[in-house]
Each structure stands twice: as structure tokens, then as C-alpha cells.
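What follows is a single structure, written as C-alpha cells, with notes after it.
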Amino acid sequence: MIVKGSKINDRYQIIKTLGEGGMANVYLAHDTILDRKVAVKVLRGDLANDEKFVRRFQREALSASSLSHPNIVEMYDVGEDDGQYYIVMEYVDGKTLKQVLKQRGHLSITEVVDIMLQLTDGMAHAHDAYIIHRDIKPQNIMILSNGMIKITDFGVATALNSTQLTQTNSVMGTVHYLPPEQAQGKGSTIRSDIYSMGIMMYELLTGLVPYKGDNAVEIALKHLKEPLPSVRKANSSIPQSIENIIIKSTAKNPKNRYTDAREMHQDLMTALDESRKDEKRFIYKYPENDLEETKVLDEEVSKVKETTKKKAKKEVNEEEEDFEDIAEPVKSNKLLIILVSIFTALVLITTVAITIYFEKTEIKNIVIPDVSNLEPVEASNKLVDAGFDVETEYKYISSDTIDEGKVVQTSPEIGSKRKSGTKVILYISSGEGVYVVEDFTGENYLVAKGKIEAQCECNVIVETEKVDEDKKAKEDTVLRTIPAKNEQSKLGETITIVIPEVEYKYPDFTKGYTIDKIEEFAKKHELKLEYKYQTTTTVDEGTILKQSRAASSVVTPGATLVITVAIKPDVEEDLPGEITEEIPETGE
């Protein structure tokens, strides 16, 4: 523990402790040279004494310090001071997603989509730099008060990978999000981060991790063998399109996952679109682990072992048995062993045959050609000639190096390998420091906000506008943006998202309304309903004669609505409310 007021490297003065863990302690400090608050993470315990780990930690942390993205915590410095190894990072005044989950249980669908859009955008940037996080989990994601997220612990997570299964203080938090290939001791890839993001998305929606156990090994085995529980069983309101993203990202076979974070990001952007409302459940293209065959084989081997033990014991105890009596169980044992061997061989041959078949029939990947700095038409032709499909609608991003109107990048990215027929999106330069506003009309405002912040260094604010209920505008959806769609906004400027505040108005209750319908209206709009009664013979009993709130006036929750109802003169029973004088009848 470092004492408050002391300095690290004669520069970073400790203000207070922010957190403690089995791997490191985190402190809030003041950078006395650049006059700013920073977070300092100091390695502790066995990690600081492990030379191999320290070297890797420093190398990976320096590599991660090259990342510059709004959703990634910036690393400022890496060093050692009197045997203490530390990294200095951007100070984020917020909470971890784990802390938020402890407070709220789980998050809403729109909140999760917004968080995952930011997370996949940040991870796509890291993957472009060939940096794999290897420890994506809610504890390593900070969220600010404005909803922006920050990914932390790049250097530590990458360096920790080789020793994490021996770190008893940190493994349980990590193993809940551990990809199967890491549990098997294989190397990590970009798709390993995809798996962890999918597990985290499951937890954000349900408040629970999908796999639990008494120890790290038990949980790791579940990642290897058990199918992921359905997120829709935990919450039936979750659309199939959202569950499909989780199914695809958490496949045990990496070939069934998204190829990269950018592809997952693109899928998230349309997940709540009306066009995906009736989407079918995602089915894996390549085989996952065949758990049933494994179970059957295990059971057969166990039976053979048990039979052999019993019969061997019988042979020892029954000394008076002749040779033929003893030989029979031996033959039976041999037969069972031979049958199991044949069964095992058949399983292996079938697995190899299926693998060879898929490898031969798999469509070969081709490289996306470099179409940067080309006119959109020229770029489209080049991509089509290479065997790709091109989206007819372009995306626009600012660029300091590419002239306005020319291609900046593609999604999937230039140089990556994709199957023939893959859809490619062209990103066109909108000029230096300019963002072209998309058409977000009708889209959930949180999703729209996330998309804008992911593509533009803009200040996004949300304002409401009163609209009549007859316009049928959905709450929490975008009415319009300022600047409007297809208009430009300079980076750093404010973009306003306008959402509806629906105004409800009183109808004319004297025109065909019954008391039941009025009570239903009052309940819906939280009104206090009172009755008055007037005796009359000119209209039917129960007719609404008057209302205290004028028709077409705005409904305010909590207001009192008084309804005057017609009754016959001879009604003597008690009625709620006040009975007034008889309305005189008009004669000839």
C-alpha cells in the first residue's frame, strides 16, 4: 500500500486509493508536471517479482499505449520506481459495469445495445492494431455519467494471459468470460475477445453469468462442454435478433463466431430495426463440440472398466472354478473392449471425414482490395470484379488525408480476407473534421446517440418536443436531428436528437362514451374521477351530460375530472357523488 502524499517516480503524487485487487492496486494521483489527475496502477504480490511477467507487462503496456480511441482508456506512462512497476492511465470518473450491475441487477435492451456498440467500436480499433485484450469483463469496462464507456486494462490483461490460471485471486473473475480455446491452453485470437464480449452481453441483459461452479476448473469445463443457456428464457422480451448476436459471438467453435469486432458492431447497429423483428434463431454453419458422442463413449468405457473389475474379483474368490468357467468372462471382457475400440475408431473416422468435407466444400476467402482514395463508382467496380457485393448506401466519415467524396475505408476492412459474395460497405470522406448526420428517424434515441458518438467527436444532447397523440409518434424514438439528416456537423460541435413528448387531450365524453370507457381513460392517465348526477327524462339514464375538463384540453396526470351523468327522477338508491336538481322538460 502506498501512503497518501507520497510520489511515484518523483512525479505522480498519490491522492487516494481507488481500488485494490489480487493483481494491482489503483490510485488517484496528481501529475505534477502536466498538472492533471491520473490513475496509477501498481503491480503487487508475486506478479511484481516475476521477471518474465514484468517484461511482458511492460512490452504489452507500451504497445497498448499507442491506442487512441474515445472508448479506450488512454495509457500515458509505464515504468518502475524502487521495485514498484506501474502504469499511468487516463483518470475516468465513473463506475465499472460490474458495480452498475450490482446496483441495478440488469440493464435495459437499449442500454446494452448502446454499451456494446461502443465496446465493439473500441475493440475494432484495438484489433486493427493487432492488440488483443484477452480479459473483457464488466470489471474492466468503466461507464461515465453521460453513458460513454471506457475499456481498461489492455496491458495488464494481455500480459496476464500466460499466468492467469495460477493467480487464485483473479482467476474466478476472469474464468466466467474465458473462451474455450483459452481454457484448453491454446493461443488467443481476435475471436477470443468476441467470445468474452458475448458472455458479457449475456450478463448485462440478465444480471447473471451463464456458467457457474465451485472452482475455476469447473467453470472452465462448462465453457468447453455445456451449451449456452438461452437469454430469452431468462427474459422473454429480448428479441431474437439480440439473442442471435449472443449465440454467434459465444460459439465454442471460433469459426462460427464473428470474424472481428467490426462485424459484430455492424450487426448490433441494426439489431433493433423493424426489419429484424421476425428474425429466426441463428444456426451454426460449422460443427460445435459433439457433447453427446463424448458422453456415450465415456459411459461405455466406464461400463467396461466396472465389468472387468467385478469379473476379476470373481476369478480370485472362486478357486474351484475350472479353466473353462474362468475363460468365459475373459472372453466377454475382450469382446467388450474390442467393441468399444471399434466404436471409438468409428467416431474418430467420422469426425475426420466431416472436417475434411467442410474444408473442401468451404468457400475460399479472398482479399478485399485497396480501394481507398478512389471515386465510389470506381471502388465499387473494383470490389465487384474481385467477387464482392457492395452496399448501395454509403457511410460518411471525416478524413484529414482523403479528399471529400472519395473512399476512406471499407467494412470489412481493406486487406482482410472474406468469402466471395460478402457485402462490403464503403466509407466516403466528408472532408476534414466533418461528420455527415445519418437518418435516425424512428430509431431508438439511445442507439442513435451511441452511433453518433462512435463515429464523431461530437457533443450529443437529447431534447423533447411536444406532439399530439394522433401523430402516433413512439416514445424514446428520434423525431429528427439538428443538424438534419445528410447535413454536415463539424467535429466537436453539438448534435441534438429530438424525441417526442406525447400530449394527450380530453375527448368529448358526451359523444358516445360510457362510464366504463371514461374510467378506463382516467386509469390510463392517472386522473381522479368524480361523479355528479342530474335527474332528467329527456335522455337515457347513464348518458354523459357534462365534463369538468373541456374537450381538446391537455391531460395532466393527477388532475380531477368531474363527470355529470343522467339518472331517472325516481332513482332513490345511494349513488357516489352529488345529485343535483331535475332538468326541466320543455313542452309545446
Side-chain angles (χ1 to χ4, degrees), residues 100 103-111 114 145 147 207 235-239 272 441-449 461-480 496-586:
V100 174
Q103 291 176 345
R104 295 180 50 189
H106 66 88
L107 307 182
S108 69
I109 296 169
T110 51
E111 285 175 318
D114 180 36
S145 57
N235 184 352
S236 59
S237 66
I238 295 172
L272 298 178
T441 308
E443 193 167 346
N444 182 281
Y445 81 95
L446 286 173
V447 176
K449 183 173 181 287
I461 61 172
V462 180
E463 293 182 353
T464 59
E465 179 179 289
K466 292 183 178 180
V467 297
D468 292 339
E469 59 181 306
D470 54 9
K471 290 186 179 178
K472 296 181 180 179
K474 289 185 180 179
E475 293 183 0
D476 296 336
T477 59
V478 179
L479 281 177
R480 65 178 188 281
T496 304
I497 295 175
V498 182
I499 62 175
E501 182 183 337
V502 181
E503 275 194 341
Y504 296 95
K505 296 184 178 180
Y506 288 100
D508 188 345
F509 293 122
T510 64
K511 294 181 178 178
Y513 271 79
T514 63
I515 290 176
D516 286 344
K517 285 187 177 180
I518 294 173
E519 287 179 345
E520 185 180 330
F521 181 90
K523 184 178 179 181
K524 178 182 177 181
H525 297 286
E526 301 176 8
L527 301 173
K528 297 174 185 176
L529 187 59
E530 295 180 2
Y531 295 102
K532 286 187 177 182
Y533 300 90
Q534 284 190 345
T535 57
T536 178
T537 58
T538 58
V539 294
D540 293 336
E541 188 175 40
T543 301
I544 309 302
L545 300 174
K546 288 187 289 185
Q547 61 192 71
S548 62
R549 302 283 174 176
S552 298
S553 61
V554 176
V555 175
T556 305
T560 300
L561 172 64
V562 182
I563 298 295
T564 304
V565 186
I567 59 172
K568 291 181 180 179
D570 57 352
V571 174
E572 296 178 357
E573 59 191 88
D574 291 336
L575 291 169
E578 176 184 347
I579 300 179
T580 61
E581 74 281 353
E582 180 181 351
I583 299 176
E585 298 184 29
T586 57

Specify the closest pair of heavy atoms between A566 and T536, including all atoms of both residues, with the distance to one decimal.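 Scanning both residues, the minimum pair turns out to be CB-CG2, 3.7 Å.
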Which heavy atom in T564 sits nearest to a heavy atom in Q534, and how many Å separate them?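 That closest heavy-atom pairing would be CG2-CG, 3.8 Å.
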Checking side-chain contact (heavy atoms from CB on, under 4.5 Å) between I497 and each of E443, R480, K449, E463, which is the one that passes?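 Running side-chain contact (heavy atoms from CB on, under 4.5 Å) over E443, R480, K449, E463 with I497 returns exactly one hit, K449.
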Can you measure from [atom1] ([X]) to [atom2] ([Y]) and round to the nearest 0.5 angstrom?
{"X": "L272", "Y": "T477", "atom1": "CG", "atom2": "OG1", "value": "12.5 Å"}
{"X": "I109", "Y": "N235", "atom1": "CD1", "atom2": "CG", "value": "6.0 Å"}
{"X": "Q547", "Y": "Y506", "atom1": "CD", "atom2": "OH", "value": "9.0 Å"}
{"X": "L527", "Y": "R549", "atom1": "CG", "atom2": "CZ", "value": "8.5 Å"}
{"X": "H106", "Y": "E111", "atom1": "NE2", "atom2": "CD", "value": "10.0 Å"}

Given side chain to side chain contact (heavy atoms under 4.5 Å, CB included), test I544 with I515 step by step and report yes or no. CA-CA 8 Å; I544 309 302; I515 290 176; 4.3 Å; yes
Distance-only donor-acceptor pairs under 3.5 Å for side chains of residues 550-562, two or more places apart:
{"from": "S553", "atom 1": "OG", "to": "A550", "atom 2": "O", "distance (Å)": "2.6"}

Output field: ring centroids Y513/F521 closer than 6.0 Å: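 Centroid separation for Y513 and F521: 6.0 Å or greater.
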Stepwise side chain to side chain contact (heavy atoms under 4.5 Å, CB included) check, L545 with V539: CA-CA 9 Å; L545 300 174; V539 294; 4.0 Å; yes
Sub-3.5 Å donor-acceptor pair from the side chain of E519 to the main-chain atoms of L529, do we have one?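 Answer holds: no.
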Taking E465 for the side chain and V498 for the main chain, is one N or O donor matched with an acceptor at less than 3.5 Å?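 It does not hold such a pair.
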Quick check: do V478 and T441 have side-chain heavy atoms less than 4.5 Å from each other?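 No, every pair of side-chain atoms sits at 4.5 Å or beyond.
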